[in-house]
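Read the structure below first, then the notes.
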2 protein chains.
Amino acid sequence: MQSRTPASRATGRPRSATADAAILAATREALVELGWSKLTLGDVATRAGVAKTTLYRRWAGKNELVVDAVAELFDELEIPNRGSLAADIEGVVLQFAAILARPEARSGLMAVIAESTRDDALRERIRTSIVERQKRLVLEGRNRAQARGELPPESDPTTVDLIFDVVAGAVVHRTLVSAEPADEQWVRAFTRLLLVGLGQAAD
Amino acid sequence: MQSRTPASRATGRPRSATADAAILAATREALVELGWSKLTLGDVATRAGVAKTTLYRRWAGKNELVVDAVAELFDELEIPNRGSLAADIEGVVLQFAAILARPEARSGLMAVIAESTRDDALRERIRTSIVERQKRLVLEGRNRAQARGELPPESDPTTVDLIFDVVAGAVVHRTLVSAEPADEQWVRAFTRLLLVGLGQAAD
DNA sequence: AGCTTTCGCTACGACCCGTAGCGTAACTGC
DNA sequence: GCAGTTACGCTACGGGTCGTAGCGAAAGCT
């Protein structure tokens, strides 16, 4: 969440923890109903049953608030252990697609990414609280595949970044730009492409 | 551009073509300096030397204006003929990355995509004026590769869509989310992954 | 108690939105 | 030329959001 003072003062009235949760939930609700551009902080405050000033005391603005509200959605991702690399990839991609199918993720995520192109601090916030946190999935899946002998032991550490960009980018582009569902059929074709490449893709 | 009346009236004062160009250029300029959220239509009108009302007579709002302003950037894409599929892919991906490196494309494109998640008409505008228009690159590259014998004759028409989502998505995610340059080294690794897949990627 | 911080509330100037109204400019057809 | 039609520049307006300031009350600690 937002960066609290490292030596958090033990004196004075403590911040309401329930207010934090209420605000983030209200933000997601507003994203569903209004979308990014029509979402106003005053409206979020009203939904959360909180004064507008309280909101400004905790978040610098709309961008930071939405990043935190969206980041919580991705924590539920888990890589399944289905016994093969292909099945594991298909499983996690389907989960990722399911999250991106939710309207609060769609409208919020892309908007903050757009804003982050002009705000380095915001981009760092996105990277640490969303992207880097989920790279664990790629690492875990690769380790399992190597243990099974499906993948050679990897030496290049940048391969993880490459795979993450390809997987996340493809799913995002499919669901948000092409506006087609990343259903099982698509995920199977994508996984096949990822594993064996274009040359052998046709049988 | 915006949908003009099919039977364009031959009477009355014609719309200034130079104003169109000036407005779109001013929009890109404002995107660079201000970014999406701080861009106002009044400011764009002033930059273009045009009355604000003129702007509203041609575009319904900020979204539509930015889509048109950004779409022009992608028309310069050309698929090179370098003699091999791998080299062709590398060439066009590098061009695509170069466009996405420009700030007016970065902040504008993602923002309108975010807005399009709640506006079907806007998404259609994006698809027709940007996405579908550039799928020609995938088709042309595949045809050349098949003529060279590098790819088997394809029967499944959805493969083109899949490839486009993977390529465009990966480059976008690399440059905008991971915020790392899609330089020659990355493009080579990506192309290799795309062609031979994960299994044979390590040598 | 006394201290400290947060909370809810109200009010405020500043800015942007999108539209209406008007007079003028540009172009066409009679 | 002259009427008809459309686009243009300009001004002005109500309505909404922004982000902040100021206040008294509430909630925790020593």
Side-chain angles (χ1 to χ4, degrees), chain A residues 1-27 30-31 33-66 107 111-112 115 118-119 121-122, chain B residues 1-24 26-27 30-31 33-66 111-112 115 118-119 121-122:
Chain A
M1 301 305 136
Q2 66 275 24
S3 67
R4 212 160 298 217
T5 317
S8 189
R9 309 252 183 191
T11 175
R13 175 176 177 176
R15 287 193 169 172
S16 163
T18 61
D20 261 8
I23 291 172
L24 292 178
T27 303
L31 276 176
E33 293 184 20
L34 305 174
W36 161 266
S37 60
K38 294 184 180 176
L39 180 148
T40 71
L41 294 195
D43 180 63
V44 170
T46 305
R47 289 173 190 266
V50 160
K52 192 174 64 166
T53 45
T54 298
L55 222 154
Y56 276 101
R57 288 189 191 102
R58 306 191 182 193
W59 284 277
K62 198 164 152 178
N63 293 331
E64 291 76 8
L65 174 63
V66 172
S107 42
V112 293
E115 289 301 307
R118 299 196 43 80
D119 185 339
L122 182 63
Chain B
M1 300 303 138
Q2 64 276 21
S3 65
R4 211 161 298 219
T5 316
S8 190
R9 310 255 182 190
T11 174
R13 176 176 175 175
R15 286 193 171 172
S16 163
T18 61
D20 261 7
I23 291 173
L24 292 177
T27 303
L31 276 177
E33 292 184 21
L34 305 173
W36 162 267
S37 61
K38 295 184 180 175
L39 178 148
T40 70
L41 295 196
D43 179 63
V44 170
T46 306
R47 289 174 189 265
V50 160
K52 192 173 62 163
T53 46
T54 297
L55 220 154
Y56 276 100
R57 287 189 191 105
R58 307 192 181 194
W59 284 277
K62 196 165 153 177
N63 293 331
E64 291 77 8
L65 174 62
V66 172
V112 293
E115 289 301 307
R118 297 197 46 78
D119 185 340
L122 182 63

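Letters go in sequence order (proteins before strands), and every chain restarts at 1. Only heavy atoms go into these numbers, but all of them, side chains included; no hydrogens, no water, no symmetry mates.
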Notebook entry, point to check: Run the side-chain contact (heavy atoms from CB on, under 4.5 Å) check on Trp59(B) and Val44(B) step by step: do they pass?
Noted result: CA-CA 12 Å; Trp59(B) 284 277; Val44(B) 170; over 6 Å; no

Nearest-Å distance, [atom1] ([X]) to [atom2] ([N])?
X: Arg58(A); N: dT5(C); atom1: CZ; atom2: P; result: 16 Å
X: Asn63(A); N: dC18(D); atom1: CG; atom2: C1'; result: 14 Å
X: Lys38(A); N: dC18(D); atom1: NZ; atom2: P; result: 14 Å
X: Tyr56(B); N: dG18(C); atom1: OH; atom2: P; result: 4 Å
X: Trp59(A); N: dT6(C); atom1: CH2; atom2: P; result: 14 Å
X: Ile23(B); N: dA7(D); atom1: CD1; atom2: P; result: 13 Å
X: Leu55(A); N: dC9(C); atom1: CG; atom2: P; result: 14 Å
X: Leu65(A); N: dG19(D); atom1: CG; atom2: P; result: 12 Å

Margin query: Distance check, rounded to the nearest 0.5 Å: Leu34(A) atom CG versus Leu31(A) atom CG?
Written below: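 If we round to the nearest 0.5 Å, Leu34(A):CG and Leu31(A):CG are 8.5 Å apart.
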
Notebook entry, point to check: How many angstroms lie between atom CG of Leu55(A) and atom CG of Leu41(A), to the nearest 0.5 angstrom?
Noted result: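 The CG atom of Leu41(A) is 6.0 Å from CG of Leu55(A), to the nearest 0.5 Å.
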
Nearest to side-chain heavy atoms of [X], which nucleotide of [options]:
X: Val50(B); options: dG9(D), dC7(C), dT5(D); answer: dG9(D)
X: Arg57(A); options: dC7(C), dT17(D), dG21(C); answer: dC7(C)
X: Lys52(B); options: dG19(D), dG8(C), dT19(C); answer: dT19(C)
X: Thr11(B); options: dC7(C), dT5(D), dC17(C); answer: dT5(D)

Notebook entry, point to check: If you pin Leu39(A) and Ala51(B) to their nearest nucleotides in DNA chain D, which one's is more 5'?
Noted result: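 On the 5' side of the pair lies Ala51(B).
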
Next item on the list: Select from Thr53(B) and Pro14(B) the residue whose nearest nucleotide in DNA chain C is closer to the 5' end of that strand.
Entry: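 Residue closer to the 5' terminus by nearest nucleotide: Thr53(B).
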
Checklist line | Side-chain ion pair, Arg47(B) and Glu33(B), N-O less than 4.0 Å | finding: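 Salt bridge present between Arg47(B) and Glu33(B).
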
Item checked: Check: dG28(D) base within 3.5 Å donor-acceptor of Arg15(A) side chain ->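 For Arg15(A), whose side chain was compared with the base of dG28(D), there is no donor-acceptor pair (under 3.5 Å).
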
Margin query: Regarding dG4(D), can its base be found pairing with the side chain of Arg13(B) as donor and acceptor, where the two atoms are less than 3.5 Å apart?
Written below: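 It does not, because no donor-acceptor pair links the side chain of Arg13(B) to the base of dG4(D) below 3.5 Å.
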
Notebook entry, point to check: Can you tell if the side chain of Arg118(A) reaches within under 4.5 Å of the side chain of Trp36(B), non-hydrogen atoms only?
Noted result: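 The answer is no, as the side chains (C-beta and beyond) never meet within the 4.5 Å cut-off.
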
